[in-house]
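Working notes, structure below.
Here is how names work: the chains are called A, B, and so on, in the same order as the sequence lines, proteins then strands, and each is numbered from 1.
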Amino acid sequence: MTPVPDQPPTPTAGPIGGPIGGATRGPWVRVARDFARSPLAMTALVVLALVVLAAVFAPLLTPQNPYDLMQLDIMDGMLEPGSPSAAGGYTYLLGTDDQGRDLFSAILYGLRISLSVGVVSALVAALVGASLGLFAAYVGGRTETAIMRIVDLQLSFPSILVALMILAFLGKGVQNVVLALIIVEWASYARTARGTALVESRREYIQAADCLGVPMRRIIFRHLLPNCLPPLIVMGTIQVGRAISLEATLSFLGLGVPVTEPSLGLLISNGYQYLLSGQYWLSFYPGIALLVTIVAINLVGDQFRDVFNPKGRG
Amino acid sequence: MILWLLKRLLQAVLVMVAMSIIVFVGLNVIGNPVDILISPDADQAERLRVIAELGLDQPLVWQYVEFLKAALQGDLGNSYVFNQPALQVILQRMPATLELAVIAVGFATLVGLPLGLYAGLRSQSWLAKFLMAGSILGFSLPTFWIGLMLIMVFAVQLGWLPSGGRGETASLFGLQWSFLTADGWRHLLLPALNLSLFKMALIMRLTRAGVREVLPQDYIRYARARGLTEQRVISLHVLKNIMIPIVTVIGIEFGSVIAFSVVTETIFAWPGMGKLIIDSINVLDRPIIVAYLLLIVVVFVWINFAVDVVYTLLDPRVRLGQKGSAR
């Protein structure tokens, strides 16, 4: 899921590659090399990789499963960060909540939900949005106008409002949140894909494919899509960050994930009620985890933008 | 120009109709209103009676027409919780939200514009770089968490400012406002700051980008060559030319500030529309949800319309672009 480009070298990826820079090993090698030029972006990528690994291997890294009630000790409730557990054995690095749940474990488990909701919704939205955008650009005419009008309309409303509306209809739940995020996000992909595709579809190789009678689906997915990928990758990276942030906000408002599957946003929300009485850690540390994740994603996305669009540098 | 205006107006009306259909269908088809309206232990006869009384046995199209007719007369049903007309309940809370939004946009402009100007003019200084890095943080930080941290630092740890509520209000034009009293300002400060941070970063980046684009232009070089003071060059020639996009963005973003006040109001217990809608969704107070969604759609459509019109008036180049395909 890390946005490391690991696709095999595609000879069709014209705009980003070519042997101009002396790189005969394919465009993705050049992208990786350009990416590595910024120490900040590399740091962000490493941090992001660590966050993802921590989420994936959460059961191995945490002293307890925070949602297995058998493993919780109510006597350990509301301990400050760094307190030892009553039964001995391990330290609550980031403190515990009122149930005696280790906050560090809860954060890693929460990360799993936050990341998967963000990534899944961004991927599906990218698939739907990019397909519609490419389709619109390729067929043109009324279909294009209709699709783009919907895109314009949707983008004129703030994302939180659209998501709020959908969740007011559907009620909360992980699937509903993912669905809401997909509906919120697809429009930006469609706009980006169409913009790029409009430029590309006027090029000779598309016209050539058209003349050869290549079927439309094949032209769109085999010829157009690979050449429109760079801006979509940039968009996708940043949208994952936005999706995670929006999901956290919705969960904080009580409209997102259910209590049984707490994401970082819900952890922060649960800690909110103790904030005024001074138990800061319950909201503070999940927020830091959220912040580190989103900042890392944004920095990686920023660097992708620079790598794919050399004009924007400086 | 008049034709364009009429066309744009028709578009705005169409959008409002489309959104009213979406809201209506969304709430009536996806969520079954009967389950929400009728208590689960009502018997079958009682259910049928209520369904007939509410007109829920009619065809959906007919129901929509009835709904629209009532909506146009300002009747969106009574709130289950407050037992008052839904629209009235919302409008009562509107001044609080507007006050917060206006002050937040004001903060964002007053801070973001000068900082962006500085970052654009002295783009190589470490302070400018620091500001730009800070603005990335401003984009990345989730609003609600910043709000919590503001409460933690300024209300809990330092105890300087209150953590929620509107404070003392004073009356103006028959409405209650917080910004007229010192206590009201103490309550306004944190939520307004919280709501403005994102926009502040946005305005700062926009201003910087605008300044960087305008500075190398010939007319700036010429103005300098004429020996105008730097102050005059900046205030007259630079600022004037970057204002169009910034004014537009401030206009568009005003709507989004109102939308995002949902989050800030919930955190700071600010009794505005945003807190109301969240509370209403949580207790399934349908008339309030419908009324809020419709009202906010209307507000948005008109903000977008106004921004479009102002933009066209300010920048003649846009009018030429209208002839092209839909962008």
_Can you tell me which of A:Leu299, A:Val295, A:Val151 forms the most heavy-atom pairs within a distance under 4.5 Å of chain B?_
A:Val295
*chain A contact via B:Ile281 - side chain, backbone, both or neither, heavy atoms under 4.5 Å*: side chain
*Please list, chain by chain and in numerical order, all residues satisfying ring-ring contact (aromatic ring centres under 6.0 Å, His included) with B:Tyr64, sequence neighbours excluded.*
B:Phe24
*Under 4.5 Å from any heavy atom of chain B - which part of A:Ile288*: both
*Do side-chain atoms of B:Ser135 reach the backbone of B:Met132 as a donor and acceptor pair under 3.5 angstrom?*
yes
*If you round to the nearest 0.5 Å, how far is CG of A:Leu255 from CG of A:Asn176?*
11.0 Å
*Which region of A:Ile268, side chain (C-beta onward) or backbone (N, CA, C, O), has a non-hydrogen atom less than 4.5 Å from a non-hydrogen atom of chain B, or is it both or neither?*
both
*Check each atom of B:Ile267 against the heavy atoms of chain A and say whether the ones under 4.5 Å are side chain, backbone, both or neither.*
both
*Using non-hydrogen atoms and a limit below 4.5 Å, what part of residues 242-252 of chain A faces chain B?*
A:Ser245, A:Ala248, A:Thr249, A:Phe252
*asked:* At a 4.5 Å cut-off on heavy atoms, which part of A:Leu153 comes close to chain B: side chain, backbone, both, or neither?
replied: side chain
_For B:Glu265, run the side chain to side chain contact (heavy atoms under 4.5 Å, CB included) check against B:Ile278, B:Thr97, B:Leu276 and tell me which one passes._
B:Thr97
*Could you walk me through whether A:Tyr189 and A:Trp186 pass the ring pair (Phe, Tyr, Trp, His ring centres under 6.0 Å) test, one step at a time?*
CA-CA 5 Å; A:Tyr189 289 103; A:Trp186 76 274; 9.8 Å; no
_Just to verify, what does B:Arg122 make a salt bridge (charged side-chain N to carboxylate O under 4.0 Å, His left out) with, not counting sequence neighbours?_
none
*B:Phe198 vs B:Phe260 aromatic rings, parallel, tilted or perpendicular, using cut-offs 30° and 60°?*
parallel
*Can you tell me how far CD1 of B:Ile22 sits from CG of B:Leu293, rounded to the nearest 0.5 angstrom?*
11.0 Å
*Can you name the residues that form a salt bridge (charged side-chain N to carboxylate O under 4.0 Å, His left out) with B:Glu253, not counting sequence neighbours?*
B:Lys199
